[in-house]
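Index from 1, following the sequence. Since the structure is predicted, the reported quantities are computational estimates derived from the model, not experimental observations.
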Amino acid sequence: MALADKVIWQIEMMLNTPFTLEHLADRCGVSAYHMARSFRAATGYSPMTYLRARRLSVAAEQLATGERDILSAALDAHYASHEAFTRAFASYFGVLPSSVRKARSTRNLVLMEPLEMKKELIVDVAAPDIRERAAFRAIGMSAWCSFEDISGIPSLWEAINAREAEVPEAKPGAAYGICCDADGSGRFRYVAGVEAAKGVEVPSGMDDVVVPGGRYAVFTHSGHVSDLPKTVYTIWNKALPDAGLEPRPAPDFELYDRRFDPETGRGTVEIWIPVA
């Protein structure tokens, strides 16, 4: 079972039970960091954001049927007061819980139903190589993305391909797609760039990131780059747990070298995951 499926199963089983992120991770047999990173990659949500949305959706259905009064629905959803629940409900749905109870309908609400993972996203991924790598700095084009929407990444590659010559003392032969600064909401900063010396100036309009050295699990993706998200999904949700590897909190990155043809979008890409 993919890790994201395990998380969804555990959340549904404990929907009416108070628990912490660490408790949920323990139930899934991984660290909280691994669980949160994998779940965000698979769904676009953090586990606790998904839990909050599910509890509020169940509460909305209860209010619409008249099954609960507002305070009872608030307590069932693990809010300490009528006021806290009302604020959260209105922030999420855009209407007051009293309006839903009065209308006896959730027709105009976007409810969070239990997520179902797409099994076709699981693909064959070879066991990783374990390598040590020194810290390095990359300079390139960056943007904030989410695991739910990576549509802006191709334009970053177009931009850095056009401006790569502006990076002083860039190391030739490889380019990097680096995921860094992930937050609890499912957003992260993606840097498409090249390796550069530590002290060189960042050209105007570009950004940089320092990737720490350490131990990495290196997976390979072969084929068209459009299928890379499936490989990444499988790595985080199946290949890492199957290999008994625990990721550490650090940027992960894609390495594009001479084995990859940027004109056709085909070739071999390495995916480097920092592991303990």
Q | In one Ile/Leu/Val/Met/Phe/Trp/Tyr side-chain cluster, 4.5 Å: Tyr79, Leu15 | A | yes
Residues 47-68 vs ring pair (Phe, Tyr, Trp, His ring centres under 6.0 Å), sequence neighbours excluded, gives Phe39-Tyr50
Practice prompt. Take Val209 and Phe253 through the test side-chain contact (heavy atoms from CB on, under 4.5 Å) and record every step on the way to the result.
Written response: CA-CA 11 Å; Val209 59; Phe253 60 89; over 6 Å; no
- Query: Quick one: does Ser38's side chain have a donor or acceptor within less than 3.5 Å of a partner on Met35's backbone?
  - Reply: no
- Polar side-chain atom of Arg187 near backbone of Cys145 as donor-acceptor pair, under 3.5 Å: no
Value for CG (Leu3) from CZ (Arg37), rounded to nearest 0.5 Å, stands at 12.0 Å
Treat each ILVMFWY residue as a node, draw an edge where side-chain heavy atoms are under 4.5 Å apart, and state whether Phe188 and Ile273 are in one component. yes
dist Phe93:CZ -> Asn108:CG (nearest 0.5 Å) comes out at 12.0 Å
>> A quick test of your reading: do over 12 heavy atoms of other residues, nucleotides or ligands sit less than 6.0 Å from CD of Glu246?
In response: yes
**Prompt:** Ring centres of Phe136 and Tyr176 under 6.0 Å apart?
**Reply:** yes
Passes side-chain contact (heavy atoms from CB on, under 4.5 Å), Leu245 versus Ile130? Steps please. CA-CA 10 Å; Leu245 295 169; Ile130 304 300; 4.1 Å; yes
- Message: Quick one: does any side-chain atom of Arg104 pair with a main-chain N or O of Arg101 as donor and acceptor, under 3.5 Å?
- Response: yes
On a heavy-atom basis, the closest approach of His78 and Thr17 is NE2-N, 3.6 Å
Please check if the side chain of Ser91 supplies one atom and the backbone of Arg87 the other of a donor-acceptor pair under 3.5 Å.
no
Please step through salt bridge (Lys or Arg N to Asp or Glu O under 4.0 Å) for the pair Glu270 and Arg133, ending with a clear verdict. CA-CA 13 Å; Glu270 292 184 348; Arg133 167 133 192 181; over 6 Å; no
Value for OG1 (Thr43) from CG (Asn237), rounded to nearest 0.5 Å, stands at 9.0 Å
Smallest heavy-atom separation, Ala196 atom then Pro168 atom, equals CB-O, 4.1 Å
For residues 204-217, the side chain to side chain donor-acceptor pair (under 3.5 Å) pairs (sequence neighbours left out) are Arg137-Asp208, Ser142-Asp207, Arg189-Asp207
Do Trp157 and Val191 sit in one hydrophobic cluster, given that two such residues count as connected whenever their side-chain heavy atoms are within less than 4.5 Å of each other, even indirectly? no
Interatomic distance, CH2@Trp272 vs CZ@Arg131, rounded to 0.5 Å, equals 5.0 Å
So CD1 of Ile11 and CZ of Arg52: to nearest 0.5 Å the spacing works out to 13.5 Å
* To do: Describe, in one word, how the ring planes of Phe89 and Phe85 are oriented to each other, choosing from parallel (under 30°), tilted (30 to 60°) and perpendicular (over 60°).
  => tilted
On a heavy-atom basis, the closest approach of Ile160 and Met141 is N-CG, 3.7 Å
Smallest heavy-atom separation, Pro97 atom then Ile70 atom, equals C-CD1, 4.2 Å
When every non-hydrogen atom of Val194 is compared with those of Ala174, the smallest separation belongs to CG1-O, 3.9 Å
Q) Do Leu115 and Met14 share a hydrophobic cluster (ILVMFWY, side-chain heavy atoms under 4.5 Å, transitive)? A) yes
_Check whether Thr106 reaches the backbone of Glu61 with its side chain - one donor and one acceptor, N or O, closer than 3.5 Å._
no
**Asked** Is it true that Ile139 and Val211 fall in one hydrophobic cluster, defined by side-chain heavy atoms closer than 4.5 Å?
**Response** no
dist Arg54:CZ -> Leu111:CG (nearest 0.5 Å) comes out at 9.0 Å
Could you check whether any side-chain heavy atom of Asp76 comes within less than 4.5 Å of a side-chain heavy atom of Val58, counting everything from C-beta outward? no
On a heavy-atom basis, the closest approach of Tyr233 and Ala42 is CE1-CB, 3.3 Å
- Compare all side-chain heavy atoms of Pro241 with those of His34 and state whether any distance is below 4.5 angstrom. yes
Determine whether Phe19 and Gln10 make a side-chain contact, defined as any pair of heavy atoms from C-beta on separated by less than 4.5 Å. no
The single option from Asp227, Thr234, Thr231 that satisfies side-chain hydrogen bond (donor to acceptor under 3.5 Å, both in side chains) with His221 is Thr231
Notebook entry, point to check: Is there a donor-acceptor pair closer than 3.5 Å between any side-chain N or O of Arg259 and the backbone N or O of Val269?
Noted result: no
Original post:
Going by heavy atoms in the side chains, are Pro249 and Pro274 under 4.5 Å from each other?
Top reply: no
